[in-house]
Amino acid sequence: MRKFILLGACIALLIPSAKAADIVLPEGMEILTPEGVTVTVEDIRSIDKAKNLVVAGSPEKGYKAYFTAQDTDHGEELWVSDGTKAGTKMVKDIFPGPTSSGVAWMQRFNDKVVFQAQSDVDTGTELWISDGTDEGTYMVKDIHFFGSSDPSGFTQVNETQFIFAAKDFDSEGYNDKVQRWLWISDGTEEGTELLKDCEVYHPGSNNANDGDQHFIRVGRKVFFKADSKDQEFGEELWVTDGTEKGTFMLLDINKTVVNELTGATAGSQIDYGTNFYNEKIFFAAFSDEYGYEPWASDGTVEGTYMIKDMNPGENAQGVPNGAGIFTPRVYNNEVYFRGYYPPYGIELVATDMTEGHVRFIADLNTNPTPNGTANGVPDLFCEYDGVLFMKAQTGLDKESTDPINYGLELFYTDGTEAGTKMQSDLNPGVGVNAAWEGTVVSGSMFFRAQDTPPVGSQTWELFRIDNKDEFPKKVMDLVEGQDFVHSLRNLAGDLVLTSKAVPALFRYHYRKKDFDPEVDVESMEINFNTRAESGIQNTYMNREGLQIYPNPATEYFSFTANNPVESVQVFDISGKEVMKLTAVAGNKINISQLSKGVYTVLAHAGKSTYRNLLIVQ
């Protein structure tokens, strides 16, 4: 017996936009998608969203940007780009013809992406995988034979597996409620199986758009929101290491009873999960005793604890006060976040993740109030040039002279009060700069913001700085009014993004004046190591084991390695292999055929692989 599904209209609504042909782009900026193709990526800030822009690949195979887009002949389908117009194309018409396949919740899995999609009316929405080619794009497994499994929450748990939430026949009718349980997969049909019959929440009932992810990988564990299948505890924090034994609820944080008959308790409103150096998770949670406060966990029951009750007491309704947590970011061995700290109000604070330790950094809004000073409400978003960037409110009183009010503007901190300062008054007066989505690409920081008061909503234009103290430069102004650029991503050294005003895929190739490939080339590889493990030499990243000279080089380079080298590979900055030598005579390699640029050299010596950068000039 096959499933029968009523297929609704799957064509996304087109946003009124300017014609790409009429747009004047700055040097280095180009539109990659063809005319008549509309990119349908969502504009929310989360990197875990239903319609996503995801970069996946490897140093050996290169990197590609995956996204959803639609045209009149194929509907909305999966698209891919290698950063060139010729290499930007529909991957596969998964649901043939103008009907959309419903590609959603796409995430990276090593050099591929995994997502949900539907190929025909009989099969329903199931688990798919793609390497960016037609033949490499296929349904992994038909999990729900009589319906749609609607898989989502894809999160890589280790080097070879990812977990996700999905429905099957048993979970859909269990306990008179449709549930999605936890599954695990290695990308093959036989390697895809039910991991734990717990009710998994994705994206979760409480997570804001500002959360980086709803499932959080920490080392080789994944933290997620779930309840027992019998709904005993509400939405609480769970963890998995990819095994059934290692998948369990950590703690019933909120013990408020909501069902006297069964004894079921309320959920704890888990939010803002943040990976702390692959060692612990920082998160916010509500308890009936302390309210909404910062918590931490190392993945064990005994290692799950509230960091501090930052705002003791109750409000007039008898509800415990909360810490006002927002946008946590890891920086300089601490988690920085917006939090309540009297008498300064909601300001910039940090924790080293030990119990009782939350320290005050700076009072960003010094306007006086009856109880102290006003809220600076910092929104943290990016580490760049040795500091942590955020936007913060300085006040909206145009007449104030002590302190002068600048509105919501760009700030940064080095972790000290003296080293916390307003970076620029981008929107003069008391205007709102609305800076978000800080993304570091090739040593420059890009973000969306506004430098004039908008008519209506925000403008979201693209800005750039090349060092922490440079006044932001507007990269482009697509249309008059609101550009709504969003989903900024690093594609192997170039910025890719899209826009609501012009829903196309843009690529921006830019190198700052003092670009240094030794410093400014960001790693695209997935990191599973803790701080301690990162201090141990990783042979794959071991530059000390491979010396290259001369460097920069022109016609040739020579090398020395810790062990006899059996083969050498050379990759360009996109990750494409440009040379491979299985026999190296005299440790000297001719590179006269290579263009100027930055290359990665891998030298293979038995079980060791050494890596270094080569500059060809």
Taking the six-membered ring for Trp, is the centroid-to-centroid distance between [X] and [Y] below 6.0 Å?
X: Phe109; Y: Phe162; value: yes
X: Phe389; Y: Tyr412; value: yes
X: Phe276; Y: Phe282; value: no
X: Tyr508; Y: Phe446; value: yes
X: Phe115; Y: Phe154; value: no

Between [X] and [Y] (side chain of the first, backbone of the second, donor and acceptor by atom type, cut-off under 3.5 Å), is there such a pair?
X: Thr304; Y: Thr300; value: yes
X: Thr40; Y: Thr68; value: yes
X: Ser442; Y: Gly493; value: yes
X: Arg464; Y: Asp466; value: no
X: Glu293; Y: Met310; value: yes
X: Asn259; Y: Gly263; value: no
X: Thr439; Y: Glu437; value: yes
X: Thr354; Y: His357; value: no
X: Glu347; Y: Gly376; value: yes

[Y] and [X] side chains, donor-acceptor separation under 3.5 Å:
X: Thr366; Y: Thr373; result: no
X: Thr416; Y: Asp414; result: yes
X: Asn405; Y: Thr394; result: no
X: Asp363; Y: Tyr341; result: no
X: Thr459; Y: Gln482; result: no
X: Asn367; Y: Asp397; result: no
X: Gln179; Y: Trp181; result: yes
X: Asn175; Y: Gln231; result: yes
X: Ser228; Y: Asp230; result: no
X: Glu470; Y: Asn467; result: no

For this session: Can you establish whether the number of heavy atoms outside Glu279 located under 6.0 Å from its atom CD is more than 12?
Result: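 Check passes, neighbour count above 12.
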
Looking only at non-hydrogen atoms, find the nearest pair between [X] and [Y] and report the distance.
X: Glu461; Y: Val485; value: C-CG2, 3.9 Å
X: Met353; Y: Val335; value: SD-CG2, 3.8 Å
X: Thr327; Y: Pro378; value: OG1-O, 4.0 Å
X: Ser185; Y: Phe164; value: CB-CE2, 3.9 Å
X: Leu497; Y: His486; value: CB-O, 3.7 Å
X: Asn278; Y: Asn529; value: ND2-O, 2.7 Å

Exercise. Mind checking what makes ring pair (Phe, Tyr, Trp, His ring centres under 6.0 Å) contact with Phe411, not counting sequence neighbours?
Worked result: none

Problem set entry | Listed partners of Tyr290 passing ring pair (Phe, Tyr, Trp, His ring centres under 6.0 Å), at least two apart |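 With neighbours one apart ignored, the set is empty.
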
For this session: Could you check Asp483 against Gln450 for side-chain contact (heavy atoms from CB on, under 4.5 Å), going step by step and ending with a plain yes or no?
Result: CA-CA 10 Å; Asp483 287 1; Gln450 58 195 24; over 6 Å; no

For this session: Look up atom CZ in Phe233 and atom CD1 in Ile253, then write down how far apart they are to the nearest 0.5 Å.
Result: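 These two atoms lie 12.5 Å from each other.
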
Seminar exercise, completed: Output for pair (Glu236 CD, Gln269 CD), nearest 0.5 Å, gives 10.0 Å

For this session: Take Val218 and Ile281 through the side-chain contact (heavy atoms from CB on, under 4.5 Å) test and state the conclusion after the steps.
Result: CA-CA 7 Å; Val218 177; Ile281 183 176; 4.1 Å; yes

For this session: Start with the C-alpha gap between Asn110 and Gln156, add the side-chain angles, then the distance that decides, and say whether side-chain hydrogen bond (donor to acceptor under 3.5 Å, both in side chains) holds.
Result: CA-CA 8 Å; Asn110 290 329; Gln156 190 160 342; 2.7 Å; yes

Problem set entry | Residue that, paired with Ser487, satisfies side-chain hydrogen bond (donor to acceptor under 3.5 Å, both in side chains) out of Arg45, Glu42, Lys49, Lys51 | Lys49

Exercise. Should Asn371 and Thr369 be marked as a side-chain hydrogen bond (donor to acceptor under 3.5 Å, both in side chains) after you check the CA-CA gap, both sets of side-chain angles, and the distance that decides it?
Worked result: CA-CA 5 Å; Asn371 298 317; Thr369 69; 5.5 Å; no

Is [Y] paired with [X] through a side-chain N to carboxylate O contact shorter than 4.0 Å?
X: Lys391; Y: Asp379; result: yes
X: Arg359; Y: Glu334; result: yes
X: Glu159; Y: Arg220; result: yes
X: Lys255; Y: Asp288; result: no
X: Arg180; Y: Glu199; result: no
X: Asp298; Y: Lys280; result: no

For this session: Give the C-alpha distance, both sets of side-chain angles, the deciding distance and a yes or no for ring-ring contact (aromatic ring centres under 6.0 Å, His included) between His202 and Trp105.
Result: CA-CA 10 Å; His202 181 269; Trp105 297 113; 4.6 Å; yes

For this session: Show your reasoning for whether ring-ring contact (aromatic ring centres under 6.0 Å, His included) applies to Phe326 and Phe337.
Result: CA-CA 6 Å; Phe326 195 62; Phe337 60 100; over 10 Å; no

Exercise. Tyr174 ring centre to Lys229 NZ or CZ under 6.0 Å, with the angle to the axis within 45°?
Worked result: yes

For this session: Would you check, one step at a time, whether the test side-chain contact (heavy atoms from CB on, under 4.5 Å) holds for Asn275 with Ile216?
Result: CA-CA 7 Å; Asn275 180 355; Ile216 309 297; 4.2 Å; yes

Problem set entry | Worked check of side-chain contact (heavy atoms from CB on, under 4.5 Å) between Phe506 and Val496 | CA-CA 5 Å; Phe506 294 81; Val496 290; over 6 Å; no

For this session: Go through the steps to decide whether Tyr292 and Phe286 satisfy the test ring-ring contact (aromatic ring centres under 6.0 Å, His included), and finish with yes or no.
Result: CA-CA 4 Å; Tyr292 199 62; Phe286 180 90; 7.3 Å; no

For this session: Might you work through the side-chain hydrogen bond (donor to acceptor under 3.5 Å, both in side chains) test for Asn333 and Arg531, ending with a clear yes or no?
Result: CA-CA 9 Å; Asn333 299 310; Arg531 285 175 294 182; 3.2 Å; yes

